[in-house]
*Asks:* 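I have a structure here, written as C-alpha cells, and I will follow up with some questions on it.
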Amino acid sequence: MKPILCFCLGLSLLSRGASAADDPAITDPAHADADFLLQGEYEGAGSAGGKQQKLGLQAVALGAGKFHGVLHLGGLPATGNPRPPKQETDGEAASDGTVAFKHPEWTIKIKGLTARLTRPDGRPAGQLKRVERKSPTLDAKPPKGAIVLFDGTGVEAWEDGAKVDQPTSGGDKLLVQGATTRKKFGSARIHVEFRTPYKPTARGQARGNSGVYLQGRYEAQVLDSFGLEGRNNEAGGIYEVKDPLGNMAFPPLSWQTYDIEFHAAKFDGAAKVASARATVKLNGVVVQKDTEIPGPTRAAPVKESAEPGPIHLQDHGNPVRYRNIWLVPQP
C-alpha cells in the first residue's frame with residue numbers, strides 16, 4: 001500500500017448538501033463531491049480496544065457530510081487477518097473540511113491525509129495516515145493460452161448490445177454492465193477488474209450492484225460494500241450461498257479485482273453428480289476457498305446443465321464498469 005501523494009485529485013467539488021436527486025451515481029472521480037476526498041482508508045497505530053496496537057480506519061461517505069467510521073483493531077482487513085475485530089461509530093464533516101468520529105473509547109479527527117486519535121480526556125492516542133491500497137493482481141496480463149474477453153478496445157467477444165463507456169478524465173474504454181460473452185465455457189480461471197460507482201446517499205443493494213455470473217449461472221456478487229459486514233450479498237460473496245471470509249472491498253471508484261478458479265458442475269447424462277465449486281480472490285485475498293455452489297443463482301440468465309455457459313456481467317440498474325477481462329479454460 002502507498003500513501004496518496006496528492007489529496008486534491010483534481011476533483012471538481014460539488015455541494016455536500018445535495019439531495020438524492022442531485023447526487024446521481026458518479027462513475028468518474030473527476031465528478032465526485034467534497035465528501036469523496038475524505039472517504040477512504042487510513043492506517044497506523046494507537047490506543048484502542050484496551051491496548052496499543054496497529055489500527056485501520058475506513059471512513060464511508062453517506063451523503064450530505066455524514067460518514068460512518070469503522071476502526072479495525074489490528075489493521076485493515078488483509079491476508080491472514082480478513083475479519084479483524086472492529087469498533088464503529090458515525091461522524092459528520094465540519095465547515096473546515098474535517099470529519100470527527102466519536103466513540104466511548106476515543107475520538108478520531110480526519111484532516112487532510114491524517115487521522116488523529118485522542119482519548120476521552122483529550123490526550124493524544126495515536127495517528128493514522130491515508131493509504132490507497134491496490135490489488136496485487138490489478139492490470140494482470142493474460143497468460144499464455146488465455147482468451148481475452150475485453151482489453152479496452154472493442155466488444156467483439158460480447159453479444160450484441162454490449163456497450164463501452166469512455167471516462168471523461170481519460171483512459172481506456174470501459175465495459176458497461178449488462179454484457180454477456182459470445183463464447184461459452186466450462187471450468188476456467190477468470191480475471192475481472194471492476195469499479196463500483198460513488199453513490200453516497202444509496203444504501204445496501206442500491207449501492208453499486210452488479211455481479212459476475214460464472215457460466216451465466218452462479219453469481220460472484222459485485223457491490224459497493226466498503227465498510228460493511230461482508231455478507232453473501234456483498235462483494236466477495238457467492239450470492240445467497242456463502243459469506244466471504246472477510247470484507248476485502250475497497251472504496252467506490254477504486255479499481256478492484258476478482259480472480260476466480262471455477263470448476264463446473266459434473267453431470268452423468270442429465271443427472272448432476274457434483275456441484276460447481278469456486279475459489280475466489282477479491283483484491284488478491286482469498287475470500288471463498290473451494291466453495292460448493294449447490295445450484296444456479298435465483299436471477300441467473302442460464303439454467304444449470306452439462307452444457308458450457310457464458311460470462312455474464314449483471315445489469316442491476318447501477319453503472320458498474322469493467323475492464324481487463326480474460327479467461328484461461330481448464331480441463
*Asks:* Taking 4.0 angstrom as the limit, do Glu304 and Lys272 come out as a salt bridge?
*Replies:* yes
*Asks:* Check Gly49 against Glu105 and note the closest heavy-atom contact, atom names and distance.
*Replies:* N-OE1, 3.0 Å
*Asks:* Quick test of your reading of the model: are Lys86 and Glu229 salt-bridged, counting only N-O distances below 4.0 Å?
*Replies:* yes
*Asks:* What do the steps show when you test Asp121 against Arg123 for salt bridge (Lys or Arg N to Asp or Glu O under 4.0 Å), and what is the final call?
*Replies:* CA-CA 6 Å; Asp121 61 7; Arg123 290 182 298 155; 2.7 Å; yes
*Asks:* Please report the interatomic distance OG(Ser305) to CZ(Phe267), rounded to the nearest 0.5 Å.
*Replies:* 6.0 Å
*Asks:* Search all heavy atoms of Ala115 against all heavy atoms of Ile110 and return the closest pair with its distance.
*Replies:* CB-CG1, 3.9 Å
*Asks:* Could you tell me which non-hydrogen atom of Gly237 sits nearest to which non-hydrogen atom of Gln288, and how far apart they are?
*Replies:* CA-NE2, 3.7 Å
*Asks:* Please determine whether a side-chain nitrogen of the Lys or Arg among Glu193 and Arg323 lies less than 4.0 Å from a carboxylate oxygen of the Asp or Glu.
*Replies:* yes
*Asks:* Between Ile293 and Ala278, which heavy-atom pair has the shortest distance, and what is it?
*Replies:* CD1-CB, 4.1 Å
*Asks:* Is it true that Glu41 and Arg130 make a salt bridge, defined as a side-chain N closer than 4.0 Å to a carboxylate O?
*Replies:* no
*Asks:* Verify side-chain contact (heavy atoms from CB on, under 4.5 Å) between Asn209 and Gln314, making sure each step is shown before the conclusion.
*Replies:* CA-CA 8 Å; Asn209 196 331; Gln314 183 190 39; 3.9 Å; yes
*Asks:* What residues, two or more places apart in sequence or in another chain, satisfy side-chain contact (heavy atoms from CB on, under 4.5 Å) together with Lys102?
*Replies:* Thr107
*Asks:* By salt bridge (charged side-chain N to carboxylate O under 4.0 Å, His left out), which residues pair with Arg207, not counting sequence neighbours?
*Replies:* Asp224
*Asks:* Give the minimum heavy-atom separation between Thr279 and Asp290, together with the two atoms involved.
*Replies:* OG1-N, 2.8 Å
*Asks:* Any salt bridge between Arg321 and Asp165, counting N to O under 4.0 Å?
*Replies:* yes
*Asks:* Could you note down all residue pairs passing ring-ring contact (aromatic ring centres under 6.0 Å, His included) where residues 213-236 supplies at least one of them, sequence neighbours left out?
*Replies:* Tyr213-His312, Tyr218-Phe262
*Asks:* Identify the heavy atoms of His191 and Asn324 that sit nearest to each other, and give their distance.
*Replies:* CD2-O, 3.1 Å
*Asks:* Could you give all pairs that pass the ring-ring contact (aromatic ring centres under 6.0 Å, His included) test and reach residues 108-140, with sequence neighbours left out?
*Replies:* none
*Asks:* Please list all pairs meeting ring-ring contact (aromatic ring centres under 6.0 Å, His included) that have one or both residues in residues 99-157, counting only residues at least two apart or in different chains.
*Replies:* His103-Trp106
*Asks:* Through direct or indirect side-chain contacts below 4.5 angstrom among Ile, Leu, Val, Met, Phe, Trp and Tyr, which residues connect to Leu245?
*Replies:* Val286
*Asks:* With respect to Val280, which candidate in Ile238, Thr291, Ile190 satisfies the side-chain contact (heavy atoms from CB on, under 4.5 Å) definition?
*Replies:* Ile238
